[in-house]
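Okay, so here's the structure we're looking at.
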Amino acid sequence: MPYQGLTTVEVEVEGRIAWVYLNRPEKKNAMNPKLHAEMLAVLEELEADSGIGCVVIGGRGGAFSAGQDLKEFFRDLSGDPVAQKKAQRNANDWRWHRLEVFDKPTIAMIEGVCIGGAFTQMIACDFAIAAEDATFCLSEINWGQIPGGLVTRVLTEALGYRDALDLCLTGRKFDGTEAAKLRLINEAVPAAELKARTRALAELLIGKDPEAYRATKHALRYVRNIPVREAEDYLAAKIGELRMRAGSGAQETAIRQFVDDKSYRPAESSYTSVSDKTK
Ligand code: COA
């Protein structure tokens, strides 16, 4: 059985949804080096697993994550530069580099605390839904640190300048409702509805053409930081890649269904026939 033998992460497969839980509830799912290594391995498997259509990242024990483990990630590694480097690399790899352009839909499901380094994976996911009463905090300024790793950088992807400065410089707590107002997350829902709402979103995303979903995500991520002419060229090349990877004439079929057969209206429904091929 895949996804077995993990000690800091738990994976539950429900249909085509993989519920991935950080699993150190006794430490509010603070992230230690073991957890980073396990998450990297788990995401690699899930990305290649054709049975999986969407990955949800949450936490066990009613907490998303209290950020990096201040003891095991910082203090215990401070005398071991090799282990420190490896842990830092794993941490940034799964929380940003892998998730940012993950081949499949990803959703962060946030309840309880979401602190410091945990912002990285929350922002990297395609969608983030939180309980209204979740607690968010960039606590670093409160203990003489800066939001390091990649936190400060990825925050600028998600927030405006004033809000990013406010949260980093005050280290204040805020709840899920405010996180939604800031657009740090997509929406806040009552805690009792969090899982059902996340499942409904996951099912919606699984219904999209998986190759078009992947290409759209890449396009959005990458064109943000390149000039217009290069973006134009990148997008043209990306459409070529999409045609090659999809390999099924999906676009032509959809256009024929709309123009000739009049059996399909793109603005009113998802084109679902292509997604079947990855099941
Ligand atoms: N690193 C290591 N251990 C942590 C941790 C972290 N980031 N966050 C929580 N824990 C541990 C606590 O030390 C405690 O362990 P213990 O039972 O062995 O003493 C356990 O998790 C439960 O935490 P506790 O503080 O008792 O729970 P709480 O509900 O009162 O408070 C927090 C929860 C998250 C608000 C509080 O623990 C906290 O401020 N943690 C630090 C968060 C932080 O600044 N992270 C930034 C890292 S980038």
Side-chain angles (χ1 to χ4, degrees), residues 6-10 20-40 57-80 83-100 108-125 128 130-159 163-179 182 184-185 188 191 194:
L6 303 162
T7 59
T8 60
V9 177
E10 196 181 335
V20 179
Y21 296 101
L22 306 193
N23 190 24
R24 301 184 71 219
E26 72 291 353
K27 297 290 178 188
K28 304 280 177 193
N29 300 318
M31 299 175 284
N32 65 3
K34 180 88 191 276
L35 182 145
H36 290 306
E38 289 193 347
M39 276 303 294
L40 191 55
I57 298 182
R60 282 296 189 211
F64 183 65
S65 170
Q68 296 288 19
D69 188 306
L70 297 183
K71 178 178 178 299
E72 294 186 34
F73 188 85
F74 291 113
R75 196 172 69 189
D76 293 356
L77 292 182
S78 63
D80 185 343
Q84 190 177 49
K85 192 88 191 159
K86 191 171 174 188
Q88 281 167 352
R89 188 167 291 144
N90 284 345
N92 289 344
D93 256 10
W94 82 263
R95 291 180 309 159
W96 190 258
H97 303 303
R98 303 298 172 103
L99 275 181
E100 183 201 12
M109 180 175 74
I110 298 141
E111 58 184 331
V113 292
C114 174
I115 301 181
F119 276 50
T120 306
Q121 65 262 32
M122 172 191 54
I123 294 171
C125 285
E132 288 165 347
D133 62 0
T135 301
F136 294 79
C137 178
L138 286 167
S139 66
E140 287 85 346
I141 188 101
N142 302 333
W143 53 282
Q145 237 321 345
I146 64 167
L150 285 169
V151 176
T152 305
R153 173 66 181 81
V154 305
L155 206 59
T156 64
E157 298 276 335
L159 289 183
D163 291 319
L165 278 177
D166 166 14
L167 301 183
C168 290
L169 294 178
T170 64
R172 68 181 175 85
K173 288 183 186 169
F174 55 103
D175 65 13
T177 304
E178 183 176 354
L182 291 169
L184 181 61
I185 61 172
L194 182 62

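Because the structure is predicted, anything quoted here is derived from the model rather than measured. Nothing fancy with the numbering, it's 1 onward along the sequence. Start at 1 and go down the list; that is how both ligands and their atoms are numbered.
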State whether any protein heavy atom lies less than 4.0 Å from [atom].
atom	value
atom 44 (O) of ligand 1	yes
atom 25 (O) of ligand 1	no
atom 18 (O) of ligand 1	yes
atom 47 (C) of ligand 1	yes
atom 30 (O) of ligand 1	no
atom 2 (C) of ligand 1	yes
atom 40 (N) of ligand 1	no
atom 13 (O) of ligand 1	no

Taking both backbone and side-chain atoms of [X], is any N or O found less than 3.5 Å from an N or O belonging to ligand 1?
X	value
Q68	yes
V113	no
S139	yes

Counting each atom of ligand 1 from 1 as listed, which ones have a heavy atom of [X] under 4.0 Å away?
X	answer
D69	1 (N), 2 (C)
A30	1 (N), 5 (C), 6 (C), 7 (N)
G117	48 (S)
W143	44 (O)

Taking atom [atom1] of [X] and atom [atom2] of [Y], what is their separation to the nearest 0.5 Å?
X	Y	atom1	atom2	answer
W96	I123	CH2	CD1	6.5 Å
L99	Q121	CG	CD	7.5 Å
S65	Y21	OG	OH	15.5 Å

Do any N or O atoms from the side chain of [X] and from the backbone of [Y] form a donor-acceptor pair under 3.5 angstrom?
X	Y	value
R60	K28	no
T170	D166	yes
E38	T8	yes

- Verdict with supporting geometry, M39 and V20, side chain to side chain contact (heavy atoms under 4.5 Å, CB included): CA-CA 9 Å; M39 276 303 294; V20 179; 3.7 Å; yes

- Query: Any idea which part of L70 is under 4.0 Å from ligand 1, heavy-atom wise: side chain, backbone, both or neither?
  - Reply: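 Answer for L70: both.
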
- Task: May I ask which of R75, K28, E26 has a heavy atom nearer to atom 20 (C) of ligand 1 than the others do?
- Result: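 Nearest option to atom 20 (C) of ligand 1, by heavy atoms: E26.
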
- Do the rings of H36 and W94 sit parallel, tilted or perpendicular, given the 30° and 60° boundaries?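 Tilted, since the angle between the ring planes falls between 30° and 60°.
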
Starting from [atom], what is the nearest protein heavy atom, named by residue and atom, and what distance separates them?
atom	value
atom 8 (N) of ligand 1	A66 CB, 3.4 Å
atom 10 (N) of ligand 1	K27 O, 3.9 Å
atom 35 (C) of ligand 1	I115 CD1, 4.2 Å

- Task: Report the residue from T7, D69, N29 that forms a side chain to side chain donor-acceptor pair (under 3.5 Å) with R24.
- Result: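 Single side chain to side chain donor-acceptor pair (under 3.5 Å) partner of R24 among T7, D69, N29: D69.
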
- Take R89 and N92 through the test side chain to side chain donor-acceptor pair (under 3.5 Å) and record every step on the way to the result. CA-CA 5 Å; R89 188 167 291 144; N92 289 344; over 6 Å; no

- Item | Short N-O contact, E178 and K173, less than 4.0 angstrom |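 No salt bridge links E178 with K173.
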
- Message: Considering only residues two or more places apart or on different chains, which pairs with a residue in residues 139-150 satisfy side chain to side chain donor-acceptor pair (under 3.5 Å)?
- Response: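 Qualifying pairs, neighbours excluded: S139-W143.
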
